[in-house]
Chemist: 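Input: one structure, supplied below.
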Amino acid sequence: MLGFIGTGNMGGAILRGVLTAGVVEAENVIFTRANAKAGRAQAAETGACFAATAREVYEGADTVILAVKPHMVPGVLAELGEPAGKVIVSVAAGLSLDTLAAHAPAGSPIVRVMPNVNSQIGAGMSALCAGEGVSEAQLAQVEKIFAAVGLTARIAEKDFAAFSAIAGCSPAWTYTYIDALARGALAAGMRLDEARRIAAQAVLGSAHLVLDQLGTHTPSELRDQVTSPGGTTIAGLIAMEASGFTPAVIDAVNAAIARDRELGQA
């Protein structure tokens, strides 16, 4: 039985993903959310069972995905009580395995996961890290759940802040890049809606090509393949770098990592 505590944007995306992928049947899913009216509507839509409390979800499920705001996590974990042994999966940013274990029922197997916003369309990127007492079978089951909404990677917990920057924060930066491309085309006379669609597809295709060529060509090698001597691409690249494009991206990653660590100590 799979449980969800919180089925808003992220929790709801994971819920829909596992049902669509057939990872679990709707009758084997139990969930709760703060907005009971929305929860009942979600139950009618998905066929999953809506529960009134987090404790009810915990008692009814074998694996529980905790998808509430980070500041709410300690209070929710304190409500769960016994029995211990249920696998608790947290998607809360900035909360370490040690912090989660300090509030969860004693001895609980805990998996920390960081999905990103693109999980809502099945194109997410999720990092996983297991705490003490999590078996390989349990971790593989959690991995299967998040594979239903995109790609997954097992990483060391020390790398979660960096992952959060390059996978969790970067969609917002990429949206900004796409918008900037479109506005450049707008300035040249193209319709903005058309320019946005074209720019978005170009970024999507470029990302797919990078994934397709992993282990064969690096992103910089792919860049060189489309950069002709004296051409338009190199002219644009020189202008971007003169404006500090690469240092700006690295600064953004570093700022996000620093802020993530601050939040983890709060």
Chemist: Give a yes or no on whether a salt bridge exists between E136 and R154, defined as a side-chain N under 4.0 angstrom from a carboxylate O.
Modeler: yes
Chemist: Give the C-alpha distance, both sets of side-chain angles, the deciding distance and a yes or no for side-chain contact (heavy atoms from CB on, under 4.5 Å) between T53 and V57.
Modeler: CA-CA 7 Å; T53 66; V57 171; over 6 Å; no
Chemist: Just by distance, do the side chain of S164 and the backbone of F160 share a donor-acceptor pair under 3.5 Å?
Modeler: no
Chemist: Would V29 and C49 satisfy side-chain contact (heavy atoms from CB on, under 4.5 Å), going step by step from the backbone distance to the final call?
Modeler: CA-CA 6 Å; V29 176; C49 177; over 6 Å; no
Chemist: For the atom pair CZ (R259) and CG (N254), what is the distance rounded to the nearest 0.5 Å?
Modeler: 16.0 Å
Chemist: A side-chain contact here means heavy atoms from C-beta on lying under 4.5 Å apart; do L128 and L139 qualify?
Modeler: yes
Chemist: Count I, L, V, M, F, W, Y as connected when their side-chain heavy atoms are under 4.5 Å apart, and connections chain through other members. Are I110 and Y58 then in the same cluster?
Modeler: yes
Chemist: Within a radius of less than 6.0 Å around CD of E132, do more than 12 heavy atoms belonging to other residues, nucleotides or ligands occur?
Modeler: no
Chemist: Can you hop from V24 to L66 via hydrophobic side chains spaced under 4.5 Å?
Modeler: no
Chemist: Does the T218 side chain pair with the main chain of E221, one donor and one acceptor, at a distance under 3.5 Å?
Modeler: yes
Chemist: Kindly work out whether a path of hydrophobic side-chain contacts (I/L/V/M/F/W/Y, heavy atoms less than 4.5 Å apart) joins M114 to V111.
Modeler: no
Chemist: How far does OG1 of T233 sit from CD1 of I238, to the nearest 0.5 angstrom?
Modeler: 11.0 Å
Chemist: What are the two closest heavy atoms between I88 and A104, and how far apart are they?
Modeler: CD1-CB, 3.9 Å
Chemist: With the threshold set at 4.0 Å, does a side-chain nitrogen-carboxylate oxygen contact exist between E194 and R197?
Modeler: no
Chemist: Measure across G17 and V149 and return the closest heavy-atom pair with its distance rounded to 0.1 Å.
Modeler: CA-CG1, 3.6 Å
Chemist: Please lay out, stage by stage, how V203 and T174 fare under the test side-chain contact (heavy atoms from CB on, under 4.5 Å).
Modeler: CA-CA 9 Å; V203 171; T174 305; 3.9 Å; yes
Chemist: Just by distance, do the side chain of N28 and the backbone of M1 share a donor-acceptor pair under 3.5 Å?
Modeler: no
Chemist: Going hydrophobic residue to hydrophobic residue with side-chain gaps under 4.5 angstrom, can you get from V134 over to L77?
Modeler: no
Chemist: Would you please say whether a donor-acceptor pair under 3.5 Å links the side chains of T32 and E56?
Modeler: no
Chemist: Would you say the side chain of V87 lies within less than 4.5 Å of the side chain of V89, judging by non-hydrogen atoms?
Modeler: yes
Chemist: Can a salt bridge be assigned to the pair R196 and D179 using a cut-off of 4.0 Å between side-chain N and carboxylate O?
Modeler: yes
Chemist: Do S90 side-chain atoms and A92 backbone N/O form a donor-acceptor pair below 3.5 Å?
Modeler: yes
Chemist: Quick check: does any side chain N or O of S170 sit under 3.5 Å from a backbone N or O of W173, one acting as donor and the other as acceptor?
Modeler: no
Chemist: Are V226 and L222 side-chain neighbours, meaning at least one heavy-atom pair lies under 4.5 Å?
Modeler: no
Chemist: Is there a donor-acceptor pair closer than 3.5 Å between any side-chain N or O of Q42 and the backbone N or O of T7?
Modeler: yes
Chemist: Is there a path of hydrophobic side-chain contacts, each under 4.5 Å between heavy atoms of I, L, V, M, F, W or Y residues, that connects L2 with V64?
Modeler: no
Chemist: Please confirm whether the backbone N or O of A38 pairs with a side-chain atom of N35, one donor and one acceptor, at under 3.5 Å?
Modeler: yes
Chemist: Measure across A256 and A165 and return the closest heavy-atom pair with its distance rounded to 0.1 Å.
Modeler: CB-CB, 3.7 Å
Chemist: Within the structure provided, determine whether L19 and L15 are in side-chain contact (heavy-atom separation under 4.5 Å).
Modeler: yes
Chemist: Check the pair E157 / S96 against side chain to side chain donor-acceptor pair (under 3.5 Å), numbers first and verdict last.
Modeler: CA-CA 8 Å; E157 189 171 29; S96 69; 4.7 Å; no
Chemist: Does the side chain of V91 reach to within under 4.5 Å of the side chain of F146, using non-hydrogen atoms?
Modeler: yes
Chemist: Should we say atom CG of N9 is surrounded by more than 12 heavy atoms from elsewhere, each under 6.0 Å from it?
Modeler: no
Chemist: Kindly give the heavy-atom pair with the smallest separation between S119 and M10, and that separation in Å.
Modeler: CB-SD, 4.2 Å
Chemist: Main chain of L186, side chain of R191: is a donor-acceptor contact present, judged purely on distance under 3.5 Å?
Modeler: no
Chemist: Just by modelled atom types, is the A202 backbone N or O under 3.5 Å from a matching donor or acceptor in the S206 side chain?
Modeler: yes
Chemist: So R33 and F4, side-chain contact (heavy atoms from CB on, under 4.5 Å) or not? Walk me through it.
Modeler: CA-CA 8 Å; R33 62 183 297 176; F4 288 82; over 6 Å; no
Chemist: Can you tell me if H217 and Q213 form a side-chain donor-acceptor pair at under 3.5 Å?
Modeler: yes
Chemist: Could you tell me if the side chain of I198 sits less than 4.5 Å from the side chain of M190, heavy atoms only?
Modeler: yes
Chemist: Determine yes or no for a side-chain-to-main-chain donor-acceptor pair under 3.5 angstrom, with Q141 supplying the side chain and Q138 the backbone.
Modeler: no
Chemist: Could you state the interatomic distance from CE (M125) to CD1 (I166), rounded to the nearest 0.5 Å?
Modeler: 9.0 Å
Chemist: Looking at every heavy atom in both A167 and N116, which two are closest together, and how far apart are they?
Modeler: O-ND2, 3.0 Å
Chemist: Are R223 and S220 side-chain neighbours, meaning at least one heavy-atom pair lies under 4.5 Å?
Modeler: yes
Chemist: Measure across L80 and P105 and return the closest heavy-atom pair with its distance rounded to 0.1 Å.
Modeler: CB-CG, 4.1 Å
Chemist: Just wondering, do S108 and K86 contact through their side chains at under 4.5 Å, heavy atoms?
Modeler: no
